[in-house]
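Small disclaimer: the values here were computed from a predicted structure and weren't measured. We number each residue from 1, following the sequence as shown.
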Amino acid sequence: MLKRISAVEAASLIKNGDNLGLSGFTPAGTAKAVTRALAEIAKKDIDAGKEFKVGIFTGASTGQSTDGVLAEIGAIKYRAPYTTNPSFRKHVNMGEIAYNDIHLSQMAQEVRYGFLGDVDWAIIEVCDIEEMGDKTRVYLTAAGGISPTVARLAKNGVILELNAFHSPNAKYLHDVYEPKDPPLREPIMITKVTDRIGTPYLEIETKRIVGVVECDIPDEARAFSERDEVTDNIGHRVAEFLVKEMQRGIIPSTFLPLQSGVGSTANAILGALGHDKNIPDFNVYTEVLQDSIVGLMQEGRVKAASTCSLTVSNECLKQIYNNINDFKGRLTMRQSEISNSPEVIRRLGVIGINTAIECDIYGNANSTHICGTKMMNGIGGAGDFERNAFLSIFTCASVAKGGLISAIVPFVSHQDHSEHDVNIIVTEQGIADLRGKSPIQRAHAVIENCAHPDYKQLLWDYLKIAQMGQTHHNLPAALAMHDTFLRKGDMRLTDFAEYVK
């Protein structure tokens, strides 16, 4: 019989300098009880003048109960990969946390390869436990993440959080599969969105489970901004573009699986696609599922969906659990290295739709840093999908901060996604199709179709002073709009003459 322990007892096992491997992907399915207790223990040590810092390996972001509380007291020494927590972001930008922004498809394997150091403890949230003698089967909750990898590698053992908030019905949604490492790796045999290649449970050696912490804590679902005229405009433009691509035979008449990032723009795009009668019922192969996709599944517009995480409201999550018979054959949760696998994405022909902070006139995209230095969020899975997608689409509003910032710039201040991998850029102003175009042709398409009217002439002026070559640039002026914003608070005040004297 597995030992029941309190969250404080579990947290007391963790020592300064330990590395924690956590379940979950976004706040869905991640540890909450033990990390809260760990923050209280760490704070006492820190207040007493002792050092207490841990490293954290996760599937993606977590919630306030992990990234937030530990960052606020200075108890995180290292963290990878993606994150969205505002407190964590603040301390990263203050230089207090060593943050490693890794493509989500690579996180589990980099842990297995030993690139990031040892995993000392795994903390796995589960909805059910079956003791089978030497082996114990545990059933994950609202996300796949990197749980199999960290549970297997944890040197000191595994702590289970048995969270009563999650229905045992979650067990019908999971496909747990961990690939082998090279040179023994085999093809990932997913040829359809609905394919399952693993087991519904994670199997752990019973002797390695040090205790079970019982809790009842809701997922800390993030609230996204409401859709507005700009996001709806972007959504309709994407839908119209994909319809035209299907009508001219580029996209098959049966359509292709969709991937979409998170947030209000993603919801607007999915809403527009779902309500466009020219688009047939479609499948989703993505890393995160939002409420909008669940609604489209209930309406029959989304036939099936594969994801790593149910990044949904708690009300929506309860709907899924309570109507499990409607979802268990159509909704599959996988590990992040499978949901984001380049091999599978390319095989299925996924259409990738992601959001950028800014794009430059040549098609490079920045999805992580404000003005090149301040981390906003990690790269997440955008790079996994856009590099391998059938079509790679990036969306953004043409301006931010009430027009003080242009999202279309001469040169991105931080590059996450290369021009070589970006097919389409969409703003509320229009669509730039970059396929088959030279750099200068891309620049003309982006400025003419995507730039806000307040910035269009400024961007044309930049091209006039750019030096000739395969890619036209004036290096002293390439980041002039960013520099002007930092000095004057308004990119529209840029005078390129200041930079080219």
Discussion item. Go through it in stages, so that I can follow the logic: the residues are Ser398 and Glu428, the test is side chain to side chain donor-acceptor pair (under 3.5 Å), and I'd like the CA-CA distance, side-chain angles, deciding distance and then a yes or no.
Written reply: CA-CA 7 Å; Ser398 64; Glu428 81 284 2; 2.5 Å; yes

Item to complete: Please work out which of the three classes, parallel, tilted or perpendicular, describes the rings of Phe57 and Tyr78, given edges at 30° and 60°.
Response: perpendicular

Fill in: Test salt bridge (Lys or Arg N to Asp or Glu O under 4.0 Å) applied to Lys180 and Glu186, step by step
CA-CA 7 Å; Lys180 298 176 183 177; Glu186 300 168 343; 3.6 Å; yes

Worksheet item: What is the minimum heavy-atom distance between Ser413 and Asn366, and which atoms define it?
Response: OG-ND2, 3.7 Å

Fill in: Validation row: Ile251, Ile351 side chains within 4.5 angstrom (heavy atoms)
yes

Discussion item. For Arg334 versus Ser306, what's the shortest heavy-atom pair and its separation?
Written reply: NE-OG, 2.7 Å

Worksheet, complete the sentence: Exactly one of Glu229, His236, Arg237 clears side chain to side chain donor-acceptor pair (under 3.5 Å) with Asn233, and that residue is Arg237

Worksheet entry | Within-4.5 Å side-chain heavy-atom neighbours: Tyr99 and Ile76 | no

Discussion item. I'd like to know if the side chain of His452 and the backbone of Asp454 have a donor-acceptor N/O pair within less than 3.5 Å.
Written reply: yes

Discussion item. Looking at every non-hydrogen atom in both residues, tell me the closest pair between Ser253 and Pro280 and how far apart they are.
Written reply: O-CG, 3.5 Å

Practice prompt. Taking only Lys NZ, Arg NE, NH1 and NH2, and the carboxylate oxygens of Asp or Glu, determine whether Arg248 and Glu245 approach each other closer than 4.0 Å.
Written response: yes

Fill in: Closest approach of Asp195 to Asp175 (non-hydrogen atoms, all atoms of both residues)
O-OD2, 4.3 Å

Worksheet item: Does the pair Asn85 and Arg79 meet the rule for a side chain to side chain contact (heavy atoms under 4.5 Å, CB included), with working shown?
Response: CA-CA 12 Å; Asn85 182 269; Arg79 169 76 163 79; over 6 Å; no

Worksheet item: Does Pro439 reach the side chain of Gln470, with side-chain heavy atoms less than 4.5 Å apart?
Response: yes

Item to complete: Would you check, one step at a time, whether the test side chain to side chain donor-acceptor pair (under 3.5 Å) holds for Ser313 with Asp291?
Response: CA-CA 7 Å; Ser313 64; Asp291 289 37; 2.7 Å; yes

Worksheet item: Given Ser418 and Arg387, is the side chain to side chain donor-acceptor pair (under 3.5 Å) satisfied, shown in steps?
Response: CA-CA 9 Å; Ser418 161; Arg387 178 67 181 89; over 6 Å; no

Fill in: Residues in salt bridge (Lys or Arg N to Asp or Glu O under 4.0 Å) contact with Asp281, at least two apart in sequence or another chain
Arg301

Discussion item. Determine whether Asp128 and Arg137 satisfy the following criterion, salt bridge (Lys or Arg N to Asp or Glu O under 4.0 Å), listing intermediate values before the conclusion.
Written reply: CA-CA 8 Å; Asp128 202 2; Arg137 294 175 178 178; over 6 Å; no

Discussion item. What verdict does the side chain to side chain donor-acceptor pair (under 3.5 Å) test give for His417 and Ser367, after you've listed the backbone C-alpha separation in whole Å, the side-chain angles of each residue and the deciding distance to 0.1 Å?
Written reply: CA-CA 8 Å; His417 314 286; Ser367 59; 2.9 Å; yes

Fill in: Side-chain heavy-atom pair Asn340, Gln106 within 4.5 angstrom cut-off
no

Worksheet item: Heavy atoms, side chains only, cut-off 4.5 Å: are Leu22 and Val150 in contact?
Response: no

Fill in: From Ser260 atom OG to Tyr285 atom OH, the distance as rounded to the nearest 0.5 Å
16.0 Å

Discussion item. Are Thr307 and Ser339 packed together at the side-chain level, in the sense that at least one heavy-atom pair is separated by less than 4.5 angstrom?
Written reply: no

Worksheet item: Which distance, rounded to the nearest 0.5 Å, do you find between the OG1 of Thr332 and the CG of Leu173?
Response: 7.5 Å

Practice prompt. Kindly indicate, with the supporting measurements, whether the criterion side chain to side chain contact (heavy atoms under 4.5 Å, CB included) is fulfilled by Leu258 and Thr286.
Written response: CA-CA 7 Å; Leu258 289 177; Thr286 190; over 6 Å; no

Practice prompt. State, with a plain yes or no, whether a side-chain heavy atom of Pro179 is found less than 4.5 Å away from one of Ile338.
Written response: yes

Worksheet entry | Nearest-0.5 Å distance that lies between atom CD1 in Ile424 and atom CD in Glu386 | 13.0 Å

Worksheet item: Can you tell me how far the CG atom of Asn322 sits from the OG atom of Ser167, to the nearest 0.5 Å?
Response: 7.0 Å

Practice prompt. Enter the distance from Tyr82:OH to Leu104:CG here, rounded to the nearest 0.5 Å.
Written response: 8.5 Å

Item to complete: Mark yes or no for whether Asp416, through its side chain, and Thr368, through its backbone, hold a donor-acceptor pair below 3.5 Å.
Response: yes

Worksheet item: Can Asn267 and Ser292 be counted as having a side-chain donor-acceptor contact under 3.5 angstrom?
Response: yes

Worksheet item: Checking Thr66 side chain against Thr35 main chain: does a donor-acceptor pair fall under 3.5 Å?
Response: no

Discussion item. Test side chain to side chain contact (heavy atoms under 4.5 Å, CB included) on Gln335 and Phe25; report intermediate values, then the result.
Written reply: CA-CA 9 Å; Gln335 275 57 66; Phe25 189 100; over 6 Å; no

Worksheet item: Any donor-acceptor pair under 3.5 Å linking the side chain of Asn19 with the backbone of Asp118?
Response: yes

Worksheet item: Does the side chain of Thr149 pick up a donor-acceptor pair with the side chain of Glu178 at under 3.5 Å?
Response: yes

Worksheet item: To the nearest 0.5 Å, what is the distance between CE (Met375) and CD1 (Ile370)?
Response: 10.5 Å

Item to complete: Taking the side chain as every heavy atom from C-beta outward, state whether Thr26 and Thr84 have any pair of such atoms under 4.5 Å apart.
Response: no

Item to complete: In sequence, state the C-alpha distance, the side-chain angles, and the governing distance for Val126 and Tyr139, and then conclude on side chain to side chain contact (heavy atoms under 4.5 Å, CB included).
Response: CA-CA 5 Å; Val126 299; Tyr139 294 86; 5.6 Å; no

Discussion item. Assess, by modelled atom type and distance only, whether the side chains of Asn93 and Arg89 contain a donor and an acceptor separated by less than 3.5 Å.
Written reply: no

Practice prompt. Could you go through the salt bridge (Lys or Arg N to Asp or Glu O under 4.0 Å) check for Lys32 and Glu125 one step at a time?
Written response: CA-CA 8 Å; Lys32 292 177 271 288; Glu125 184 182 81; 2.9 Å; yes

Worksheet entry | Row check, Phe165 ring normal vs Lys318 NZ/CZ: under 6.0 Å, within 45° | yes

Discussion item. So does Ile217 get a backbone contact from the side chain of Asn163, meaning a donor-acceptor N/O pair under 3.5 Å?
Written reply: yes

Discussion item. More than 12 heavy atoms of other residues, nucleotides or ligands under 6.0 Å from OH of Tyr172: yes or no?
Written reply: no

Discussion item. Tell me whether the count of non-hydrogen atoms from other residues, nucleotides or ligands lying under 6.0 Å of NZ in Lys90 goes above 12.
Written reply: no

Worksheet item: Taking Glu130 for the side chain and Thr136 for the main chain, is one N or O donor matched with an acceptor at less than 3.5 Å?
Response: no

Worksheet entry | Arg112 and Glu337: CA distance, side-chain angles, deciding distance, salt bridge (Lys or Arg N to Asp or Glu O under 4.0 Å) verdict | CA-CA 12 Å; Arg112 286 198 302 271; Glu337 61 185 322; 2.8 Å; yes

Worksheet entry | Side-chain (Asn283) to main-chain (Ala304) donor-acceptor, under 3.5 angstrom | yes

Item to complete: Determine yes or no for a side-chain-to-main-chain donor-acceptor pair under 3.5 angstrom, with Arg330 supplying the side chain and Val302 the backbone.
Response: yes

Worksheet entry | Short side-chain to backbone donor-acceptor contact, Asn364 and Val412, under 3.5 Å | no

Worksheet item: Between Ser309 and Val288, is there a donor-acceptor pair closer than 3.5 Å when you use the side chain of the first and the backbone of the second?
Response: no

